[in-house]
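See structure below.
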Amino acid sequence: MLKNTRSQRPCLPARRPHSLFWLVWLACWVSAGLAPAPAQAAQDLISARAWLSDPSGELGPDQVRQRDWTPYSGRLRQGFTRATTWVRLTIAPQPDMPGDGSGRPARLVLRIQPGQLDEIALFDPRRHGQPPQLTGDRHDWRLGEYRSFNHSLVMDAPTAPIQVLLRLRTTSHHGLDIEAMSWDLAQQRDGSQQLGLGAYFAFMLMMLAWSGWSWWAARERVVGAFFVQQAVSTLFVLSWLGIFRVYLSDWLPAPLLDAITSWMFPLAQTATVWFHWHFLREFNPPRLGLRCLEALMALLPVECLLLLAGQTRAALQLNVVVTSLTPLLLLVMAWRMAPPAPQETRLLSRRQLLTVYGLMLLTLGSATLPALGWLPSAPWGSSGLPLYAFVSALLIAGALQARAKNRADAHRQALTALTQSQRDAARERARREEQEQFLAMLTHELTTPLSVASLALSKLSEASAIRTRAYRAVDSMRAIIERVSLADRLDRDNAMLRREDVDVTTLLRELREQFNVNHPTQPRIALQLEGLLPWQTDRQLLAIVMSNLMDNALKYGAGEVTVAGCTQDRGQLPGLLLAVRNAVGPSGRPDPAHLFEKYHRGRAAMSKPGTGLGLYLSALIAKRLGGELHHPPEADEVCFELWLPA
């Protein structure tokens with residue numbers, strides 16, 4: 001009986017194929033919200049940018065002003081370095097700039113991204129002798145004059161072009177997006193950013209809820225792994241975007257929040273690799289690829305030990321390298337996966353997997369490679385990692401939905417095939433039972449008249465030729481009935497076997513005498529036996545096989561029939577070989593392709609009485625005895641060889 005277990009239930013996306021429509025719509029909306037606005041970017045007041053590396057980290061603002069600076073434009077990207085990075089900004093005056101509403105002179109906001117920067121110091125030449133303004137992950141967000149999800153520094157708007165210095169000290173990569181804008185414009189930009197972050201956070205929570213509900217509905221390990229990976233990725237993105245720094249600053253100190261963000265990097269990377277290890281195992285990937293994924297997961301303790309030892313920069317740099325290599329490895333595994341077996345149903349095609357991992361590789365590469373200083377900055381700047389989390393979540397959700405739908409379709413097809421096979425089995429069982437009843441009835445109905453005929457024949461004279469022929473006909477009919485009945489029992493009963501010590505020589509002599517007595521006019525049977533010892537087998541079944549072979553040779557062969565026997569080993573297994581040979585008769589050679597088929601009779605053998613069951617029964621019994629019956633091609637004679645193991 002079929003059972004609809006809970007594990008067979010398709011998950012929510014499979015039962016509601018339109019469920020990801022809203023996710024796609026939200027993806028477009030969030031992408032539009034996170035995209036930079038050219039009109040607003042054009043209002044940046046920074047007219048020139050330059051940078052300087054201080055390997056010693058001991059230079060002051062007066063000293064670095066005398067050094068040679070390297071101009072740059074757009075986003076600064078220096079990768080991971082132990083040096084202190086200085087940035088020189090030339091800010092142009094902006095006439096008629098409004099103030100911040102407090103009655104003070106107009107003020108500028110330096111808006112700095114990404115969020116994970118330990119410390120940024122602002123040196124304004126107009127504040128000579130005063131301490132620099134500080135911001136960064138290691139400084140309390142509540143102490144800033146301008147508060148937002150970004151790192152922000154405030155300065156008085158200049159009335160003439162001015163050069164200010166920024167000093168960056170961080171264990172993460174030295175990448176900076178800096179904008180200078182008015183107070184009002186900064187608030188407008190931050191309002192748009194908060195709207196985009198709210199939509200992004202809603203999307204991540206929606207994906208988390210979707211994966212949790214899908215796992216609860218299907219209870220599949222892969223979906224559960226995606227739920228765990230999505231939960232860790234959500235926490236990582238929230239810490240990266242500065243949401244933890246803003247909302248948890250009342251309860252946790254800034255250095256602890258900075259440490260939490262650093263720890264989220266290896267945890268998120270390992271959770272991602274762990275999910276894809278579960279996911280790709282269903283598609284028969286290269287074993288070496290799975291071992292590489294396991295090796296990447298084994299790096300988690302290494303990164304944790306580096307963090308505990310205070311080597312945050314080395315841990316984060318190792319994490320970026322591993323994170324960059326993971327999608328490339330996944331793409332290669334999808335490309336090199338073995339084709340499915342003939343009876344295997346692959347839930348996702350190779351093209352679908354290559355598309356998913358190819359897009360993930362492009363998105364992540366555009367975020368991590370600039371962080372390592374290997375590629376120019378992407379158009380989305382410091383939003384690369386959140387964008388990667390967004391794209392990968394959407395792609396994997398779509399892949400899991402397609403997988404769930406294909407699994408549900410395959411399950412329905414399997415149920416249909418199983419139901420049909422059960423119906424076919426029931427019909428076959430009914431047909432066999434009807435056949436058994438028919439054979440039993442036929443055997444009974446024919447046995448009784450034959451007994452009456454035998455009784456009537458016994459009244460005739462023993463010297464009568466008619467009596468002799470009639471007795472042979474009755475014996476032939478009984479043999480046919482017994483042969484058909486035995487074939488049916490052997491087809492149904494696998495336990496018809498009784499092993500005993502059999503004197504093969506005596507058995508063959510008895511069969512020879514029986515044939516010579518019952519058929520005195522037929523060619524005689526000669527025995528060629530070479531010291532056969534008693535053999536462990538079923539005497540009755542062996543007698544049936546040899547009797548069928550002898551009868552077949554006498555009917556369709558020509559001349560004398562030779563029965564040979566000897567011991568013969570096959571490989572390291574000792575055995576008994578019995579062969580029946582005869583010259584080719586008028587019926588010709590047997591057809592090797594259909595020789596042992598049930599009810600098969602050659603055209604030339606139609607003139608002889610028979611049922612086409614003799615050789616079929618002999619081959620079936622030989623298999624039950626653990627041996628084999630075969631017909632080796634011989635040039636001058638027809639031969640059947642029976643081999644039985646010891």
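Residue numbers run from 1 in the order of the sequence given. This structure is a prediction, so every number in the text was calculated from the model and none was measured.
Atom CZ of R336 sits in a sparse spot, with 12 or fewer heavy atoms from other residues, nucleotides or ligands closer than 6.0 Å. For R142, the CZ atom is densely surrounded, since the number of other residues' heavy atoms within 6.0 Å is greater than 12. At most 12 heavy atoms of other shown residues, nucleotides or ligands fall within 6.0 angstrom of atom CZ in R82. Within 6.0 Å of the CZ atom in F149, the count of heavy atoms belonging to other residues, nucleotides or ligands exceeds 12.
Of all the heavy atoms in H278 and A225, the pair that sits closest is CD2-CB, 4.1 Å. In terms of heavy-atom proximity, T171 sits nearest to R138 at CG2-NH2, 3.9 Å. Of all non-hydrogen atoms in I46 and I178, the two that sit nearest each other are CD1-O, 3.8 Å. For L299 against V322, the heavy-atom pair with the smallest separation is CD1-CG2, 3.5 Å. Of all heavy-atom pairs between F244 and S239, the closest is CD1-CB, 3.6 Å. Closest approach of M264 and F236 over heavy atoms only: CE-N, 3.6 Å.
M333 contributes atom CE, which lies 5.0 Å from atom CG of L280 (distance to the nearest 0.5 angstrom). For the atom pair L300 CG and Q269 CD, the distance stands at 8.0 Å (nearest 0.5 Å). Rounding to the nearest 0.5 angstrom, the gap separating the CD1 atom in I120 from the OG1 atom in T85 is 11.5 Å. Of the inter-residue distances, the one linking L354 atom CG with L361 atom CG reads 11.5 Å to the nearest 0.5 angstrom. Atom CZ in F80 sits 11.0 Å away from atom OG1 in T312 (nearest 0.5 Å). If you take CE on M360 and CG on L328, they are separated by 12.0 Å, rounding to the nearest 0.5 Å.
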F279 and L353: side chain to side chain contact (heavy atoms under 4.5 Å, CB included), yes or no, with the steps?
CA-CA 11 Å; F279 180 65; L353 292 174; 3.8 Å; yes

Starting from the C-alpha separation in whole Å, work towards a yes-or-no answer on side chain to side chain contact (heavy atoms under 4.5 Å, CB included) for Q193 and N150.
CA-CA 10 Å; Q193 182 189 34; N150 311 296; 2.9 Å; yes

Could you go through F390 and M207, starting from their C-alpha distance and side-chain angles, then the distance that decides it, and tell me whether this counts as side chain to side chain contact (heavy atoms under 4.5 Å, CB included)?
CA-CA 10 Å; F390 173 84; M207 294 300 301; over 6 Å; no

CA sep, side-chain torsions, deciding dist, call: Q420, D424, side-chain hydrogen bond (donor to acceptor under 3.5 Å, both in side chains)
CA-CA 6 Å; Q420 184 62 37; D424 294 342; 3.1 Å; yes

Pair I260-L252, side chain to side chain contact (heavy atoms under 4.5 Å, CB included): steps then yes or no:
CA-CA 10 Å; I260 291 175; L252 299 177; 4.1 Å; yes

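Under the 3.5 Å distance criterion, the side-chain polar atoms of D258 are left unmatched by any main-chain donor or acceptor of A254. Between the side chain of D137 and the backbone N or O of L117, at least one donor-acceptor pair lies under 3.5 Å. For the pair S214 (side chain) and S211 (backbone), a donor-acceptor distance under 3.5 Å is absent.
W335 has its side chain within reach of R350: a pair of non-hydrogen atoms, C-beta onward, lies under 4.5 Å apart. Put simply, the side chain of T363 does not reach to within 4.5 Å of the side chain of S392, judged on heavy atoms. A 4.5 Å side-chain heavy-atom check between R403 and L400 finds at least one atom pair inside the cut-off. Side chains of L296 and L325 form no contact here, defined as non-hydrogen atoms less than 4.5 Å apart. Contact annotation: the side chain of R111 approaches that of D190 to within less than 4.5 Å [non-hydrogen atoms, C-beta and beyond]. Taking 4.5 Å as the limit, every side-chain heavy atom of L241 sits out of range of all side-chain heavy atoms of F201. Counting heavy atoms from C-beta outward, T135 and W141 have side chains that stay 4.5 Å or more apart. You'll find the side chain of E282 reaches within 4.5 Å of the side chain of R407, heavy atoms only.
Ring pair F227/W215 is parallel by interplanar angle, where below 30° counts as parallel and above 60° as perpendicular. Ring orientation note: the planes of F203 and Y200 are tilted relative to one another, at an angle of 30° to 60°.
Looking at Q229 and W274, their side chains never bring a donor and an acceptor atom within 3.5 Å of each other.
Within the cation-pi definition used here (under 6.0 Å to the ring centroid, within 45° of the axis), R67 does not qualify as a partner of W69.
The pair R169-D118 does not count as a salt bridge, with every side-chain nitrogen at least 4.0 angstrom from each carboxylate oxygen.
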